[in-house]
A.B. asks: 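Input: one structure, supplied below.
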Protein chains: 2
Amino acid sequence: MLTGTQRKEEILAVSQRLFREQGYDSTSMRDIAGALGMEPASLYSHIKSKEDLLSQTCFDMAEKFLLAIDEVNDIYFDAEQKVKMAVANHVDILTSNLDAAVVFIREWRHLSEPSFSEFIKLRNKYEEGIREIVETGISENKFNEVDKKFAALTILSSVNWIVEWYRPDGDKTPKEIAEELTRFILTGLKKDSIL
Amino acid sequence: MLTGTQRKEEILAVSQRLFREQGYDSTSMRDIAGALGMEPASLYSHIKSKEDLLSQTCFDMAEKFLLAIDEVNDIYFDAEQKVKMAVANHVDILTSNLDAAVVFIREWRHLSEPSFSEFIKLRNKYEEGIREIVETGISENKFNEVDKKFAALTILSSVNWIVEWYRPDGDKTPKEIAEELTRFILTGLKKDSIL
DNA sequence: AAATTTGCCTAACGAATGTTCGTATGTTAA
DNA sequence: TTAACATACGAACATTCGTTAGGCAAATTT
């Protein structure tokens with residue numbers, strides 16, 4: 001019992017879609033079962049609990065993000081390249097796992113302890129990875145002297161917001177989005193001017 | 001019946017705090033009543049429904065933001081000053097109504113029709129106000145040629161994210177936050193360099 | 001002093017929630 | 001052929017949910 005990789009993946013995918021559309025609390029096990037054409041009780045042949053669906057999604061996504069940022073910071077690049085690569089990776093992970101990404105960003109608050117604290121740890125670790133990049137840029141004298149924590153959070157928020165408007169059939173590819181966002185993060189709105 | 005401005009304000013404030021801490025769905029009328037030292041049924045002497053608490057908060061905040069952006073766009077400033085003022089106003093509204101602001105940003109999805117659609121309209125109107133500022137800058141040849149919608153969303157996301165980490169007793173005043181954020185939006189991370 | 005309103009109460013409602021239990025069916029392995 | 005297992009089922013559970021009905025005492029108004 002409690003095995004079944006294939007059916008479980010289906011359940012997970014459907015739960016991610018519904019959690020994204022309606023939120024975790026507003027999605028009932030009956031909703032999930034209904035979308036799969038099965039009875040609510042049958043779900044429990046595959047999963048332990050409703051929160052299991054949430055935590056699996058949150059931690060799977062966290063792992064993807066952490067792997068990506070470590071890769072960026074391990075390979076030597078200058079800070080500008082690091083930003084470019086980190087944003088590209090982040091956008092790629094978001095856009096190729098849209099449902100799960102939204103759950104990761106929005107619904108993690110509904111995790112109960114100890115998952116809740118564990119998740120925040122991973123999240124902070126990722127944030128630290130971004131901060132490290134900003135730090136590199138400052139110490140290389142390539143970036144302005146900014147509050148590193150502040151900058152990291154601002155970068156993350158603008159990248160994460162993508163999931164609110166990105167549509168796979170829209171007129172911007174993930175690659176284009178990443179490029180535009182990188183440019184914004186690096187140079188802002190203002191036109192270069194000779195002072 | 002259903003009057004009582006003072007007690008109603010208390011109920012509203014408590015509901016905003018709880019909606020912020022636990023989310024709309026996870027907050028029960030019993031939670032709200034309990035925090036006020038009263039019985040759940042007594043709430044209904046003051047309010048019509050649970051959703052009333054949510055919609056009142058969402059629309060009150062929307063009005064504040066819309067008033068602020070209209071003010072900025074009415075008064076003539078150059079684009080850079082407009083950005084500065086819009087960000088300052090936005091940060092001010094957020095930080096002086098933290099609980100309500102978080103509800104406004106996070107929980108509006110739980111509005112039901114027709115409030116839901118009505119809210120989105122107001123939200124788009126505000127977004128358009130920001131877009132207008134970007135447009136001004138571009139046509140004045142002060143801002144880079146960027147996708148206006150994209151830029152507006154990116155600005156809004158970074159400003160809104162403040163509520164996730166701002167603490168009234170922290171080491172940054174709202175004014176400082178607004179200044180730092182404005183600088184980031186205008187010039188980005190990269191140090192000015194003579195090419 | 002009488003009448004009305006306000007604010008809150010107790011009690012209860014029907015509906016929806018996550019989950020468990022015992023069971024039945026088909027599939028795979030010994 | 002039999003044993004084990006995977007997958008699903010119907011029924012039911014204890015709770016919790018938002019909300020309503022009706023009443024009672026204090027405050028306010030007439």
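Order of the sequence lines fixes the chain letters, A, B, ..., with proteins taken first and strands second; residue numbering starts at 1 for each chain.
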A.B. asks: Output the rounded distance in Å from CD1 (B/Ile47) to P (D/dT20).
C.D. replies: 10 Å

A.B. asks: Does the side chain to side chain donor-acceptor pair (under 3.5 Å) test come out yes or no for A/Glu113 and A/Ser117, once each step is laid out?
C.D. replies: CA-CA 6 Å; A/Glu113 296 291 1; A/Ser117 297; 2.7 Å; yes

A.B. asks: Specify the separation, in whole Å, of atom CZ of B/Arg7 and atom P of D/dA27.
C.D. replies: 15 Å

A.B. asks: Could you give the CD-to-C1' distance, from B/Gln6 to D/dA27, as a whole number of Å?
C.D. replies: 15 Å

A.B. asks: Tell me, please, which residues at least two apart from A/Glu21 pass salt bridge (Lys or Arg N to Asp or Glu O under 4.0 Å).
C.D. replies: A/Arg17

A.B. asks: Quickly work out the B/Asp52 CG to D/dG18 P distance and round it to whole Å.
C.D. replies: 14 Å

A.B. asks: Grab the NE2-P distance between B/His110 and D/dG18 for me, whole Å please.
C.D. replies: 12 Å

A.B. asks: List the atom pairs, donor and acceptor, that lie under 3.5 Å between side-chain atoms in residues 82-93 of chain B and the rest of the protein, sequence neighbours left out.
C.D. replies:
residue : atom : partner  : partner atom : Å
B/Lys82 : NZ   : B/Asn73  : OD1          : 3.2
B/His90 : ND1  : B/Tyr126 : OH           : 2.6
B/His90 : NE2  : B/Asn160 : OD1          : 2.8

A.B. asks: Nearest whole angstrom, please: distance from the P of D/dT7 to the CD of A/Glu10.
C.D. replies: 11 Å

A.B. asks: Who pairs with A/Ser15 by side chain to side chain donor-acceptor pair (under 3.5 Å), at least two apart in sequence or on another chain?
C.D. replies: none

A.B. asks: Nucleotide by nucleotide, 5' to 3', does protein get under 4.0 Å of the base (B), only the sugar-phosphate (S), or neither (-) in nucleotides 14-20 of chain C, counting heavy atoms?
C.D. replies: ---BBBB

A.B. asks: Of all residues at least two apart in sequence or in a different chain, which pass the salt bridge (Lys or Arg N to Asp or Glu O under 4.0 Å) check with A/Arg109?
C.D. replies: B/Glu164

A.B. asks: Pair up each side-chain donor or acceptor in residues 146-156 of chain A with any protein partner under 3.5 Å, not counting sequence neighbours, and list the distances.
C.D. replies:
residue  : atom : partner  : partner atom : Å
A/Asp147 : OD1  : A/Lys149 : N            : 3.0
A/Asp147 : OD1  : A/Phe150 : N            : 3.2
A/Asp147 : OD2  : B/Lys172 : NZ           : 2.4
A/Thr154 : OG1  : A/Phe150 : O            : 2.8

A.B. asks: Counting the atoms with a prime plus P, OP1 and OP2 as sugar-phosphate, which does A/Glu39 contact under 4.0 Å by heavy atoms, base, sugar-phosphate, or nothing?
C.D. replies: sugar-phosphate

A.B. asks: Can you check the B/Gln22 CD to D/dT16 P distance for me, whole Å?
C.D. replies: 14 Å

A.B. asks: Examine C/dC8: is either OP1 or OP2 under 4.0 Å from a nitrogen or oxygen in the side chain of B/His46? Give yes or no.
C.D. replies: yes

A.B. asks: May I have the distance from B/Ile11 (atom CD1) to C/dG7 (atom P), rounded to whole angstrom?
C.D. replies: 10 Å

